[in-house]
Amino acid sequence: MATVECRSVRKSYGEHEVISDFSLSIEDHEFVVFLGPSGCGKSTILRMVAGLEDITGGDLMIGGRRVNDLDPGDRGIAMVFQNYALYPHMSVRENITFALERAGETKDMIARRLAPVVETLGLQVYLNRKPTELSGGQQQRVAIARAMIKTPEVFLFDEPLSNLDAKLRGHLRVEIARLHKELRSTSIYVTHDQLEAMTLADRIVLMNAGRIEQMGTPEEIYSRPATLFAAGFIGTPGMNFFNLVASGGKLTDGEISIDAPFPLSERPVTVGIRPGAISLVRDGMPGAIPAIADRDEFHGETRLLSLTAGRQSFMVAVPASVRVAEGEQVFVSLAPDQLHLFDTESGARIDA
Amino acid sequence: MRPGTLILRAVLILAGLVVVIPLLWTLLNAFKTNADLLVGTPKLFFTPVWDNMDYVLSRRSVARALQNSLIICSSAVVIGAVLGVPAAYVIARIKNRATREAQFFALSLRFMPPVAVAIPMMVIWISLGMYDSRIALIVTYLTITISITIWLSVPAFERVPIAVEEAARVDRLGPYATFFRVALPIARMQVLSAIAFSFILVWNEFLLALMLTTSKAKTLPIVASEMSQLGMNVPWGILNAAVVLLSLPPLILLALVGRGMNTAFSKKSPQD
Ligand SMILES: Nc1ncnc2c1ncn2[C@@H]1O[C@H](COP(=O)(O)OP(=O)(O)O)[C@@H](O)[C@H]1O
Ligand SMILES: [Mg+2]
């Protein structure tokens, strides 16, 4: 078991700097998810931890030891790749045991370690097949088994579920969560899928353009996004944003106006609110904002209404039983305790 | 079937026949007596005789040429593979100025007319006192086998997914183990085809052999061609028998690795 620590880690490809100053400390047993849009540098950092990518600057510590110059095989890590990366010329059994054989383990020992891994991942019947004879989900199970059998100090996952269809993704996600509960190995998991991040992570490291945007438990990031980017990235359907100006205890754009939740100096603010925190109300309620319904999307348990109020358009989640005709006028109210305020220019969260 | 498809099919079949019929004809004629051969209307049905084959196989010059061809070609192919396959792997995996130049050089050897090699080579081997030796022909043929092996193996290695090699590094394999235990086994069919193709090329090679040998090191194509230089009285049966004999090794190789060779020349990856 081990801690992982990045101290001012940098990465450049030639002149092009991808990661400028990345510092992060991961505790023993922790399951950390790197979440962010495609191209933000998640894989680059993971691959630097794995040793597959040279580290341009800074220190990488695993278990308190500086490992910048160690080969991937000597870092005590195991990795699961997006496209499985199984050895196509070997059987499933050989794929899983190859590393142990290379390490000179006895046949006996290998068999003893293979059994529980195969058991856990339900691979018994596939042991003699070639990877090409397996479905994507089964292949990724084999890849996880190959990582598990090495009993690594740190598990690294690079978008392991991205190539699978939605249903399988759900299954395997649950399985990975269960495995982590059992093994408790330190894990770093890279994904662009917020659902995976929310459900798996002890801690999410939200990244944007090579920097950490916010770090925290899924609840923290969801309920108190630190920046506009974090607020917009997390949550489905996405948060609504209103570009308003604070003045005299009100937030207004000239057409709509809401009470400021706390005193603010006069300046432009962006107000964020999740679609579920807006409700339809009767006309005449204090603070009710009139809006026109543009679209109505049926999502099963809920309906997602697209509304327009003056210059602002936004989404509201309502129970599926509520029916609103297109073009109909409705009134909405924003839950005051669920407003997120951000500085429009810097994107930083504003708190009381 | 639409008329367009029908016409295309017909053209395809015709083209196939144009290729196959002369070969079949040669095969048939190798087993005919001169009396059966030299008739006005070609005979499809006849009593096959082994005489022509017998004659060819019992000639001392043919036996020696066969031995020469086998030794020269297999040496050139084996050395070419030992040098060319690892070179192809490096060119496929390490992209920099040097490897790009090396790849282009291997390719450019393919574009060079053989005469441009033959004459300087002749001078070199004569002045080294090694003219008309097997060694001279082996070394000369290496330019063919290495370049073909590199040229056709580079795409084979490029098709090995990088992630698989990275997985191997995580599994504690060094660069050599990654090559021998992972990359080579994955690319083996196409690499074997590349090697087989280089064998076929040198086995059929004529011009260099003609210019670099006079007696001791003569290869089979040279000896076979000499059989037609008997003036007006061409021994057709014997000639055909020699051609059949000459064609056998490439045909056998083609049967063994033909499928892999097809993928070696097409761009489609077998793993997608
Ligand atoms: N080999 C490379 N050469 C140059 N730039 C690269 C290379 N690999 C990745 N990058 C750049 O680094 C950035 C981060 O890439 P990556 O870590 O793969 O993103 P993510 O995994 O978050 O989608 C991207 O902008 C990408 O263009
Ligand atoms: Mg990535």
Side-chain angles (χ1 to χ4, degrees), chain A residues 14 43 46-54 70-91 94-105 130-132 139-140 142-150 152-160 162-163, chain B residues 85-86 88-90 92-100 153 155-195 256-257 259-260 262-264 266-272:
Chain A
S43 296
L46 191 79
R47 292 166 55 80
M48 284 194 285
V49 174
L52 295 172
E53 209 70 71
D54 286 334
L70 288 189
D71 280 331
D74 299 328
R75 293 189 181 193
I77 54 116
M79 182 146 168
V80 177
F81 296 81
Q82 176 172 353
N83 45 17
Y84 326 129
L86 297 174
Y87 306 121
H89 57 299
M90 297 183 193
S91 69
E94 289 165 328
N95 262 283
I96 301 174
T97 59
F98 188 48
L100 296 186
E101 266 163 40
R102 294 281 309 165
E105 292 280 6
K130 287 278 170 63
T132 46
Q139 288 190 49
Q140 198 58 297
V142 175
I144 293 172
R146 176 174 70 177
M148 249 177 82
I149 202 166
K150 288 191 280 194
E153 313 223 291
V154 183
F155 268 108
L156 306 175
F157 299 86
D158 193 352
E159 310 231 9
S162 295
N163 283 8
Chain B
V85 174
Y89 179 65
V90 172
R93 277 300 175 240
I94 301 173
K95 300 283 183 198
N96 59 30
R97 177 98 200 261
T99 58
R100 266 196 302 279
S153 298
F157 285 121
E158 279 172 347
R159 279 173 217 179
V160 176
I162 300 235
V164 174
E165 289 194 13
E166 289 176 342
R169 283 177 67 194
V170 175
D171 274 350
R172 298 195 76 147
L173 272 71
Y176 287 96
T178 305
F179 173 68
F180 283 113
R181 301 292 307 270
V182 177
L184 194 54
I186 293 175
R188 70 184 181 284
M189 269 319 287
Q190 287 176 61
V191 169
L192 271 183
S193 312
I195 294 169
L256 288 180
V257 298
R259 226 161 49 93
N262 235 334
T263 46
S266 70
K267 274 280 168 230
K268 273 220 310 273
S269 159
Q271 4 220 357
D272 301 335

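First the proteins, then the strands, lettered A, B, ... as listed; each starts at 1. Keep in mind that the numbers below use all heavy atoms, side chains included, and drop hydrogens, waters and symmetry copies. This structure is a prediction, so every number in the text was calculated from the model and none was measured.
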Trainee: Ignoring hydrogens, what is the shortest heavy-atom contact between A/Ala50 and A/Met79? Give both atom names and the distance.
Mentor: CB-SD, 3.7 Å

Trainee: What distance do B/Ile162 atom CD1 and B/Arg169 atom CZ have between them, rounded to the nearest 0.5 Å?
Mentor: 10.5 Å

Trainee: Counting heavy-atom pairs under 4.5 Å to chain B, which of A/Ala78, A/Ala143, A/Ala147, A/Gly73 comes out on top?
Mentor: A/Gly73

Trainee: Tell me the residues of residues 95-105 of chain A whose non-hydrogen atoms fall below 4.5 Å from those of chain B, in number order.
Mentor: A/Phe98, A/Ala99, A/Arg102

Trainee: Which residue pairs pass the salt bridge (Lys or Arg N to Asp or Glu O under 4.0 Å) test with at least one member in residues 172-188 of chain B, sequence neighbours excluded?
Mentor: A/Asp74-B/Arg172

Trainee: My understanding is that only residues two or more places apart in sequence, or in another chain, count here; which of them pass ring pair (Phe, Tyr, Trp, His ring centres under 6.0 Å) with B/Tyr89?
Mentor: B/Phe157, B/Phe179

Trainee: Measure across B/Val85 and B/Leu184 and return the closest heavy-atom pair with its distance rounded to 0.1 Å.
Mentor: CG1-CD1, 3.8 Å

Trainee: Which region of A/Arg47, side chain (C-beta onward) or backbone (N, CA, C, O), has a non-hydrogen atom less than 4.5 Å from a non-hydrogen atom of chain B, or is it both or neither?
Mentor: side chain

Trainee: Apply ring pair (Phe, Tyr, Trp, His ring centres under 6.0 Å) to A/Phe81 and list each qualifying residue two or more places apart in sequence or on a separate chain.
Mentor: none

Trainee: Would you call the rings of A/Tyr87 and A/His89 parallel, tilted or perpendicular, where under 30° means parallel and over 60° means perpendicular?
Mentor: perpendicular

